[in-house]
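A short worksheet on the structure shown next.
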Amino acid sequence: MTSTLAHTPMYDWHAAHGGRMVDFAGWSMPVQYRSIVTEHMATRTAAGVFDISHMGRLRFDGDGAAKFLDSLLTRRVGDMTSGQIRYSLMCSADGGILDDVLVYRIEDAGGVPHYWLVVNAGNRAKIVDWINGRLEGVADVEFSDLTETTAMIAVQGPAALDILRPLVKHDAAEMKYYTGCETEFASHDALLSRTGYTGEDGAELIVPAAAGEHVWSAILEQGKAAGAIAAGLGCRDTLRLEAAMPLYGHELSEQINPFQAGLGFAVNLKDRSFVGSDALARLKEDSTGPDSTGPRRIGLEMEGKRAAREHCRILVGEQSIGKVTSGSYSPTLEKSIAMGYVAPQHVEPGTEVMIDVRGKMQAARVVKMPFYRRG
Amino acid sequence: MNPENLLFAKTHEWVHVEDSDGAKIATVGLSAFAIEALTDLVFVDLPEVGRAVTAGEPLGEIESVKAVSDLYSPVSGEVIEANTPLADDLEKLSEDVYGAGWLVKIKIGDEAGLADLMDYATYQKQCEEEA
């Protein structure tokens, strides 16, 4: 089985440095090197360096690219300025979430724009097929999946930008959050963005696959003095959970619409038509109106240390009101937290609930998200 | 305790058996290999004193940041003591695996299960295969 898993350009490094490799969406990825808590806290206090090459990297060139993406994404693409990055969703015709993505508008020296779409690893094949289907008969769009010819590295934490400064031609600290640019890392072409998925400030780099291990090692070497360490997917999950960032396959799915997920901000309906826009216009009323009955995403704080995990039932009295979608012990807050979906009459912070954790009822209460916000 | 003098279950529990007033008492813990594999322990759920347990059946739970795992009873009998203070001091589990990190003491009712336990060398071999 192992031989069928895809390897990122940093695979050999992970294997040589104690990375516990697991199957993640068809990729052999490090879940941790030593301790998830150590890697988590290093990211909160110094910097964590993450191999996120499993994420799908799709590029769109051509005069029709912006218009094409505008017909697929829940957020406007046509008005994006050079270097701008937006969090967006892709929805099906009935308004279910197909994926959550970042879209980048990058211009070359001559001012010619192209677009990058960073999609979830587990959705890449589905999204690529979906895009190819939609591209039929569309002129002036060149679409390429560059996931396997590039590497992607996230450097996250309070020391992240200082660590990258001597290594990258452009200073991420001088870039606004959610912007990116083409730059150089040593002699390698690189796409630098001030983005991340940990609740910390930081940056992400896309570099050619052949440069991946060199870039990776150079960042770790440069960051060593500041306390930066390699960090695996285990703490990426606990970090994003503390920041209450949804994860596809857990908080997001084709059965959930953006309004239920609390992602209404990522849906721009005004004067737009895109896949799912008609359904979303209707769902916006249905899901947020006074008569709505559909589940909504909430944050939960547990009374004990025991963590509620995905699929645990949430109850008020004897009545089942929803389910947990992600849960873990939070290393920063030193208590157990979770996200889940409950019926709308139970979403008020302070609501006391019980969670069925493997047959044992555990007390919890609804709290505001995010659980953690950087100081 | 020296792990070389202990018995081990396939499911990574260690067992120390001693005679006490004609009964056989098993002290049970979790092996260093298992604790190292779990990492980041946050919670342990131990059975109540008096509970009847069966070899190979769940005894309690141990939770790490990543996941929950069952603890299995390596012997059949009755729980006569549980190391409940451990819940507030999980570091003891990794610091003194074969001593202060014990989980429960079980008065063995049926010795048949003991034959399925491994000695240290055999268990080490299993760990190497799993690593």
Side-chain angles (χ1 to χ4, degrees), chain A residues 2 15 18-22 24 29-44 231-242 250 302-312 324 326-338 355-362, chain B residues 11-12 30-54 57-73 79 82-97 101 103-104 126-131:
Chain A
T2 318
R20 283 194 202 170
M21 308 307 285
V22 298
F24 187 88
M29 299 299 293
V31 66
Q32 68 203 83
Y33 301 87
R34 280 185 208 156
S35 143
I36 292 174
V37 172
T38 304
E39 292 163 22
H40 180 111
M41 294 315 293
T43 307
R44 289 271 181 257
L233 294 185
C235 78
R236 186 168 158 84
D237 194 41
T238 51
L239 289 159
R240 71 92 196 167
L241 176 61
E242 288 181 348
H250 296 261
M302 310 291 291
E303 216 156 78
K305 276 194 163 183
R306 162 170 290 210
R309 305 286 179 177
E310 191 181 8
H311 307 310
C312 287
V324 170
S326 296
S328 173
Y329 179 75
S330 155
T332 312
L333 306 172
E334 296 185 328
K335 50 188 151 195
S336 283
I337 56 172
I355 302 183
D356 179 350
V357 182
R358 293 169 41 113
K360 288 189 181 161
M361 290 299 163
Q362 307 285 319
Chain B
T11 46
H12 302 285
L30 197 58
S31 79
F33 176 86
I35 288 167
E36 165 71 23
L38 289 167
T39 68
D40 304 313
L41 299 174
V42 294
F43 182 82
V44 64
D45 185 34
L46 298 175
E48 282 171 20
V49 169
R51 195 176 121 188
V53 293
T54 308
E57 297 290 319
L59 176 76
E61 292 174 353
I62 189 155
E63 180 152 16
S64 72
V65 169
K66 188 106 194 81
V68 190
S69 312
D70 279 313
L71 296 166
Y72 294 92
S73 186
V79 175
N83 191 2
T84 42
L86 209 56
D88 298 315
D89 194 9
L90 283 172
E91 283 183 7
K92 272 217 178 76
L93 256 178
S94 41
E95 282 167 4
D96 192 6
V97 177
L103 300 170
V104 290
Q126 178 191 318
C127 293
E128 278 161 30
E129 280 161 18
E130 283 183 28

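Residue numbers begin at 1 in each chain, while the letters A, B, ... track the order of the sequences. On a predicted model such as this, the values are computed, not experimentally measured, just so you know.
For chain B, the nearby parts of A:R306 are the backbone and the side chain; heavy atoms of each come within less than 4.5 Å. Heavy atoms closer than 4.5 Å to chain B are found nowhere in A:V357, neither backbone nor side chain. For a residue to count as touching a neighbouring chain, one of its non-hydrogen atoms must lie under 4.5 Å from one of that chain's; by this rule A:S35 touches chain B with backbone and side chain alike. Proximity to chain A involves both the backbone and the side chain of B:E36, based on heavy atoms less than 4.5 angstrom apart. Contact annotation for B:A67: only backbone heavy atoms (N, CA, C, O) come within less than 4.5 Å of a heavy atom of chain A. Looking at A:R34, the atoms closer than 4.5 Å to chain B (heavy atoms on both sides) all sit in the backbone: N, CA, C or O.
Atom CD of B:E95 sits in a crowded spot, with more than 12 heavy atoms from other residues, nucleotides or ligands closer than 6.0 Å. Applying the 6.0 Å contact sphere to CD of A:E303 captures no more than 12 heavy atoms from other residues, nucleotides or ligands. Around CD of B:E48, the count of heavy atoms belonging to other residues, nucleotides or ligands within 6.0 Å does not exceed 12.
Options A:A307, A:S336, A:S328, A:S330 differ in how many heavy-atom pairs under 4.5 Å they form with chain B, and the most are formed by A:A307.
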Item to check | Step-by-step side-chain contact (heavy atoms from CB on, under 4.5 Å) determination, A:H40 to B:V65 | outcome: CA-CA 11 Å; A:H40 180 111; B:V65 169; over 6 Å; no

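Under the 4.5 Å side-chain criterion, counting only non-hydrogen atoms from C-beta, A:E39 is not in contact with B:D40. Using a 4.5 Å heavy-atom cutoff, the side chains of A:R309 and B:E63 are in contact.
Here B:K66 contributes atom NZ and A:R20 contributes atom CZ; the two are 11.0 Å apart, rounded to the nearest 0.5 Å. Going from atom NZ of A:K305 over to atom CG of B:L90 covers 6.5 Å, rounded to the nearest 0.5 Å.
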